[in-house]
Structures are given as C-alpha cells and as structure tokens.
Chemist: 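Please find one structure pasted underneath; my questions will follow.
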There are 2 protein chains.
Amino acid sequence: MTPKPRKHRTPKIKVSDSTILRLSKYYRALVYWIERDVKTVSSDMLSQHIGGTPAQVRKDLSYFGAFGRRGLGYNVADLKGNIAHIMGLEKDWRVALVGVGNIGRAMLEYDPFRTQGFNILICFDSDPMKIGKTFHGVKVVNENYLEREIRENNIDIAIIAVPVFAAQSAADNCVAGGIKCIFNFAPINLNVPSDIFVKDENMAMEIESLSFALTNPTLARGN
Amino acid sequence: MTPKPRKHRTPKIKVSDSTILRLSKYYRALVYWIERDVKTVSSDMLSQHIGGTPAQVRKDLSYFGAFGRRGLGYNVADLKGNIAHIMGLEKDWRVALVGVGNIGRAMLEYDPFRTQGFNILICFDSDPMKIGKTFHGVKVVNENYLEREIRENNIDIAIIAVPVFAAQSAADNCVAGGIKCIFNFAPINLNVPSDIFVKDENMAMEIESLSFALTNPTLARGN
DNA sequence: GTGTGTGAAGGGTTTCACAGCA
DNA sequence: TGCTGTGAAACCCTTCACACAC
C-alpha cells in the first residue's frame, strides 16, 4: 500500500564496469528530473534519456535490487537515493592532486568534482616555483613528502597528473602512503598491487580513436 | 629474405572499441622502444608493457594484418608505422574547440594533442569577454558563427567543452556545418545523426566509478 | 492494461591451444 | 626451437520475452 522503503541488495557477482558507468548516467538523469519535478520514470524514459535500451536499464538496476513498481515505473527521488547509496555518492572523499600542470589545474577548477563530495585537500608538485603557493585555495606541497602527507591526511583518492616519466614513482609513493584508489592521467600502465583500484583517463587514447573513426568510417563503432 | 614491407588489410567486420584503444597503447609502447633503440618485440613484451595478455595483442593485430614473423616477433619500427597508418596518425586533423572554459583551455594546452597532428585552428565561445581574444595563439570567435566557420574552415573534429545546457545546440550547429566527428566533454547524451561519430569524455562518470570502487571493494573490477 | 524483474537466448570479446613458419 | 596467426572454446554482456505485480 504505502510505498515501502526499498533496501538495495549486494550482487553475488562482480558487476561490469559498463553497468557502473551507466548507473552514473541514470543518476544524472534522475537529478535532471528532480529539478523538473518529475515524480516517476519508466525504464523506457531512462533509456531514451541516456541513449540505451529499456531492458538494459532494468538489468543494470536488478543487480542491486528491485527499485521499481510493476506497471508504474520508478519513483525518481527513491531511485536517485538508491543509486547514490550504491555508488557511495553521499560520502565525502578526501582527494590529493599530484601534479599541478594544465590537467591538474583543470581538475582543481572542475566543479562537478567538488559539488559531489570529492574534495581536493592537498596538491603536490616537484617544481620549486609552485611549492608553497596556493591554487584555488589548495596548498602545493613538495612531492617528496607524498607518502607522509597521503598517510597523515587520510587521503582516499590520488589524482596522478604528472608527466609519464614521473608517474610510476608517484604511484609507488601513494601506495606506500596507503592509498587504495588512483585516478591516473598519465598515459602509462601503472604497476600497483592488485588491491589498488586504478582508473585510467588517457586523453591521447581517446583522441586517437577519433582519428581511427575518421580514417575508417565503416569500421568504427560508437564509444 | 629481406624484411618485406607489410601492407595492412581491412577487416571484414567492425572492430571493437577496446581493440582500437589498445592499438593506441601499443603505439605508445612502440614509440617508447624506438627511443631506446629496441629493434624487435614479442607479443609477450607488448602485453606486459601495457597490461594485457599476449594472445590479445596478437588477436588485435591480426584483424589488420600479419605484421610479425613467427619465431621472431615484431619489428618495432615497422609495427609502429603500420599502426600509425591503420589509425590515421600520420594525418593532420583540423580541430575546432567549442567553449573556452577550464576544460577547453586545458585542451588548448594539452601537448600530446598538437604533437600528434590534432591542430586546434579556431575556438568558439558565447562570452563577450572572451570573443576576439586569443588563447594559446588561437582566436576566439562568437559561437553564433559556429556553423559557418566549421564549414569554411573545413573542420574535421569539434571538441565540445560547453556547459550541459548549451551542448546539444552546439552539436546541432556543428552537424549543420558538416562536422563528422565530435569529442564531447558535456555530461549529456548528444542527439546526432547516426553517421556522426561521437566520443564522450565524461569526467563525472569516471570519478563516480572511483566512488563505487571505494564503496564496494569486492564488486569493482578494473577499468 | 501497464511496465518491472529475470531466466534464457543471443551476440560479441577474450582466452585457449595448436598448426605453421622462421 | 620459438613465437606468430588463428579457428574453436569459454566467457561475459546485452537483448529477448514473458511471468508477475500493480
């Protein structure tokens, strides 16, 4: 009768990376509809909004629970809350930025970051001209102190935005400092223990895939 | 006897996006070895360098040709040349940047871009404070002229780095101007004709997948 | 009737294992 | 012998289709 609060379940199997990325998209779509006072959505609406199929939406969600009501669809606010909880988006994360170059500074200024609980608390660089200065309210510390500062500041996520030649040792120091999660912008395969989660953001790769798509219009597929 | 020049073949089937992204990695690895005067590599070396399996390396390459020599491996310079040709990396691409905000400026300053033949020739913005100015040697033009300028400058690739609310209309104007390839940083699903290749770079999604990985250490998988 | 939740089918990518060639 | 190239097997993800709940 009354809409029961739904608890999400934990899948027995590891869930695919594409499912997780789609959950992010669903989340953004739900925020969009909340702003517009839409109360209920169907898997069909969700799929159209993000560019997918209704079956896939239902499958993705079904890994974590039964959030909808048959014949009615999903309550927008509830589903948003459930996804936020599944993905840990209500939490605040303590983030460190290693390398205050162009990409690093773009991350500092990137708003969706801050507003979603990803707080860059400390920056590192090896350039004496930058050490001691403040960028966007965050102090730049000598990269030599990476391990200690990561540990003492209880950092959850390290963003590595240094040149290739410095990336592996930066990662090593982060790991030594106890980091469990790395967001890596350097176009190199970081060697880390298997319990460390590394997410690569390799702009060069993405760009080159555009070149491939233009060169081979008949071979390339979407994303 | 003499190492014959190998021509690459065109696959009969569409090749997966992950294969293309790995070709980029192989390419980077080969450049690395050329700098170090390594003449020959095996699929095993390649796979270790980028973090994969030897079988996958061979399979990926086999879609495009037989570039190795049984019992010997691959000639580094030849393979680099072949991959460059497959991916169109010897070409120069005419790129337009739509939106000169933080991300846009980071793209302007991003070196791997320029050095690989991706030339940002023109920028667009709607901010009167920016129009007419020059960033990194590139002039900023009023976004209203997007369609015309894209056409007249024969732009191959448009980078969309505007806020969400402006992204769809920017894409529409690019398409009207004849663009075939879009690199989209706005966290929104762009609606474009099916012959337009769109590559999404959604930082928020990537970041949220880190949050998921930290929240569910046992469920998350690599990249 | 409507739209979800899900086992089963289908399709695509990765891994295996070995033939074939240097 | 050593390592590639490649069909076949295994695996994973997506799509289908329908029972079921509202």
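So that the names make sense, note that chain A is the first sequence line, chain B the second, and so on, each numbered from 1.
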Chemist: Need to verify one output field. Residue with the more 5' nearest nucleotide on DNA chain C, A:Tyr74 or B:Ala55?
Modeler: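 In this pair, the answer is A:Tyr74.
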
Chemist: Round to a whole Å and report the spacing from CG of A:Leu219 to C1' of C:dG12.
Modeler: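 Going from A:Leu219 (CG) to C:dG12 (C1'), I get 16 Å.
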
Chemist: In whole angstrom, what separates A:Tyr63's OH from D:dT14's P?
Modeler: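 It works out to 7 Å between those atoms.
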
Chemist: Is B:Arg69 close enough to D:dG2 that one of its side-chain N or O atoms is under 4.0 Å from OP1 or OP2 there?
Modeler: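 For D:dG2, OP1/OP2 do not have a side-chain N/O of B:Arg69 under 4.0 Å.
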
Chemist: Between atom CG in B:Asp17 and atom P in C:dT14, what is the gap in whole Å?
Modeler: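 Checked: the CG to P distance equals 10 Å.
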
Chemist: So, is A:Ser18 near the phosphate of D:dT14, with a side-chain N or O under 4.0 Å from OP1 or OP2?
Modeler: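 Checking D:dT14 against A:Ser18, a side-chain N or O does come within under 4.0 Å of OP1 or OP2.
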
Chemist: If we only count heavy atoms from C-beta on, is the B:Val57 to B:Tyr26 side-chain gap below 4.5 Å?
Modeler: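 In short, these two side chains touch, coming nearer than 4.5 Å.
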
Chemist: For DNA chain D, whose closest nucleotide is more 5', that of A:Arg22 or that of B:Val41?
Modeler: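 Here B:Val41 is the residue nearer the 5' end.
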
Chemist: Report yes or no: do A:Asn202 and A:Glu206 form a side-chain donor-acceptor pair below 3.5 Å?
Modeler: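 No, A:Glu206 and A:Asn202 have no side-chain donor paired with an acceptor closer than 3.5 Å.
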
Chemist: May I have the distance from A:Asn75 (atom CG) to D:dA21 (atom P), rounded to whole angstrom?
Modeler: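 To the nearest whole Å, that distance equals 21 Å.
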
Chemist: Counting side-chain heavy atoms from C-beta on, which of D:dG7, D:dC13, C:dG5 comes nearest to B:Lys59?
Modeler: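 The answer is D:dG7, which lies nearest to the side chain.
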
Chemist: Starting from P on D:dT4, measure out to CG on B:Leu79 and report it in whole angstrom.
Modeler: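 Rounded to the whole Å, the gap is 11 Å.
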
Chemist: Looking only at side-chain N and O atoms, does B:Gln56 come under 4.0 Å of OP1 or OP2 in C:dT15?
Modeler: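 Checking C:dT15 against B:Gln56, a side-chain N or O does come within under 4.0 Å of OP1 or OP2.
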
Chemist: Return the orientation label for the A:Phe118 and A:Phe113 ring planes: parallel under 30°, perpendicular over 60°, tilted otherwise.
Modeler: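 A:Phe118 vs A:Phe113 ring planes: tilted.
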
Chemist: Start at the 5' end of DNA chain C and walk down; is the nucleotide closest to A:Arg58 or to A:Gly71 reached first?
Modeler: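 Closest to the 5' end, via its nearest nucleotide, is A:Gly71.
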
Chemist: When you get a sec, tell me which of C:dT14, D:dT15, D:dT6 is the closest nucleotide to the side chain of B:Ser16?
Modeler: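 Between C:dT14, D:dT15, D:dT6, the one nearest the side chain of B:Ser16 would be C:dT14.
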
Chemist: For A:Asn102 and B:Tyr110, does a side-chain donor sit closer than 3.5 Å to a side-chain acceptor?
Modeler: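 No - no donor-acceptor pair under 3.5 Å links their side chains.
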
Chemist: Which whole-number value in Å describes the distance from A:Asp60 CG to C:dT4 P?
Modeler: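 Answer to the nearest Å: 13 Å.
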
Chemist: Under 4.0 Å from OP1 or OP2 of D:dT4: is there any side-chain N or O of B:Ser43 that close?
Modeler: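 Result: yes.
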
Chemist: Check the distance between D:dT4's P and B:Arg70's CZ and give it to me in whole angstrom.
Modeler: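 Those two atoms, CZ and P, are 10 Å apart.
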
Chemist: With salt bridge (Lys or Arg N to Asp or Glu O under 4.0 Å) as the criterion, how do A:Glu208 and B:Arg28 come out once you've worked through the C-alpha distance, each side chain's angles and the decisive distance to 0.1 Å?
Modeler: CA-CA 11 Å; A:Glu208 284 163 16; B:Arg28 220 167 316 290; 3.3 Å; yes

Chemist: Would you kindly give the CG-to-P distance between B:Leu72 and D:dG2, to the nearest whole Å?
Modeler: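 In whole Å, D:dG2 P lies 12 Å from B:Leu72 CG.
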
